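Fair warning: this is a prediction, and the values are worked out from it, not measured in the lab.
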Amino acid sequence: MKEVLHQVYSTEEVDKVISGIAEQINRDYEGKELHLICILRGSVFFCVDLAKKLTMPVSMDFMAASSYGNEVTSSGQLSITKDLDDEIEGKHCLIIEDIIDSGNTLKKVKELLAARNPESLKICTLLDKPSRREVEVKVDYTGFEIPDKFVVGYGLDYAQKYRNLPYLAEVEFVEN
C-alpha cells in the first residue's frame, strides 16, 4: 500500500484558525495565568503555535496517555506513559489535544486531572471528529470540525510519518 496525501487545510488556514482560538482564550483568561497541558505526541505543534499567540502568562507541561495500547479500538483502561511534572492544584488549566474522535482517552484524562483540584480545567483541540464520539466530552475550543477521514500533518501522523507537514492532509491508501 502506498499513501497519497490530499491537502485539506493549508498552512495559512491552520494559522488563521489558531489565531482565532487564541483570541477567544485571551478574552476568557484575561488577567489570569494559564497552564497548558499538551497531550503528546501529536499536540506539540498546535500547543507551541497556540502558546505563542497567547497574551497572558503561560506555563506548559506534557502528558502522554492512551486507552488504546497496541489496538485500534479502546481497551477502556487509561495508560499514562508520561505524567505531568508540575502540580496543577489551584491553576487555570487548558488541555491541548491535536484531534478528538471517540473521546475515550480524553474523558479519562480530564477526570484524572480534575481530581488534582485545578482552579479550572478546559479542553482545546485543533481537530474534532464528532461523528466518531463514543462518550460525551465537552470541548471548549475547537479549530476545525472534520468528517471521519484519516488526516495527517501538523503533528498528526501515520506510522510516525507526516507529523512535520505544515498543513493538514487526508491520507488515501492506494495499491502500488
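Taking all atoms of both residues into account, the shortest heavy-atom contact from Ile88 to His35 is CG2-CD2, 3.8 Å. Nearest heavy atoms, Ala114 versus Leu121: N-CD2, 3.6 Å. Heavy-atom minimum distance, Ile21 versus Cys124: CG2-SG, 3.8 Å. Residue Lys53 comes nearest to Asn26 through the heavy atom pair O-ND2, 3.2 Å, listed as atom of the first residue, atom of the second, then distance. The two atoms that bring Asp83 and Met63 nearest to each other are OD1-CE, 3.2 Å, heavy atoms only. In plain terms, the two heavy atoms of Leu50 and Ile18 that are nearest each other are CA-CG2, 3.8 Å.
Panel note: side chain Arg133, backbone Asp101; a donor-acceptor pair is recorded below 3.5 Å. Panel note: side chain Thr142, backbone Phe144; no donor-acceptor pair is recorded below 3.5 Å. Proximity of a side-chain donor or acceptor of Lys82 to a complementary backbone N or O of Phe62 within less than 3.5 Å is detected. When atom types are taken as modelled, the side chain of Glu13 and the backbone of Ser10 share a donor-acceptor pair closer than 3.5 angstrom. A donor-acceptor contact shorter than 3.5 Å links the side chain of Asp61 to the backbone of Asp85. With hydrogens and angles ignored, the 3.5 Å screen pairs no side-chain donor or acceptor of Thr125 with any backbone N or O of Asp128.
Side chains of Asp98 and Tyr154: a donor-acceptor N/O pair is absent below 3.5 angstrom, by distance only. Looking only at atom types and distance, the side chain of Asp148 has no donor-acceptor partner in the side chain of Ser131 under 3.5 Å away.
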Working note: Leu84 + Leu113, criterion side-chain contact (heavy atoms from CB on, under 4.5 Å); need CA distance, chi angles, decisive distance, verdict. CA-CA 10 Å; Leu84 300 177; Leu113 294 175; 3.6 Å; yes

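Residue Gln160 places its CD atom among more than 12 non-hydrogen atoms of other residues, nucleotides or ligands, all under 6.0 Å distant. Other residues, nucleotides and ligands contribute over 12 non-hydrogen atoms within 6.0 Å of the NZ atom of Lys129.
Side-chain contact between Asp28 and Tyr141 is present, with heavy atoms from C-beta onward closer than 4.5 Å. Side-chain atoms of Phe45 and Leu126, non-hydrogen and from C-beta on, never get closer than 4.5 Å to each other.
Every pair passing salt bridge (Lys or Arg N to Asp or Glu O under 4.0 Å) that includes a residue from residues 150-165 is listed here, sequence neighbours excluded: Glu3-Lys161, Asp157-Arg163. Listed by first and then second residue, the side chain to side chain donor-acceptor pair (under 3.5 Å) pairs involving residues 87-97 are Ser43-Glu97, His92-Ser120 (not counting sequence neighbours).
Val8 and Tyr158 fall into different hydrophobic clusters, where Ile, Leu, Val, Met, Phe, Trp and Tyr residues are linked whenever their side-chain heavy atoms come under 4.5 Å apart, directly or through other members. Cluster membership for Val48 and Ile99, using ILVMFWY side-chain heavy atoms within less than 4.5 angstrom, is shared.
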Check residues 165-176 and write down every donor-acceptor pair under 3.5 Å in which the side-chain atom is one partner and the other belongs to a residue at least two apart or another chain.
from, atom 1, to, atom 2, distance (Å)
Glu172, OE1, His6, NE2, 2.6
Asn176, OD1, Lys2, N, 3.4

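In summary, Glu111 and Lys107 engage in a salt bridge, as defined by a charged side-chain N under 4.0 Å from a carboxylate O.
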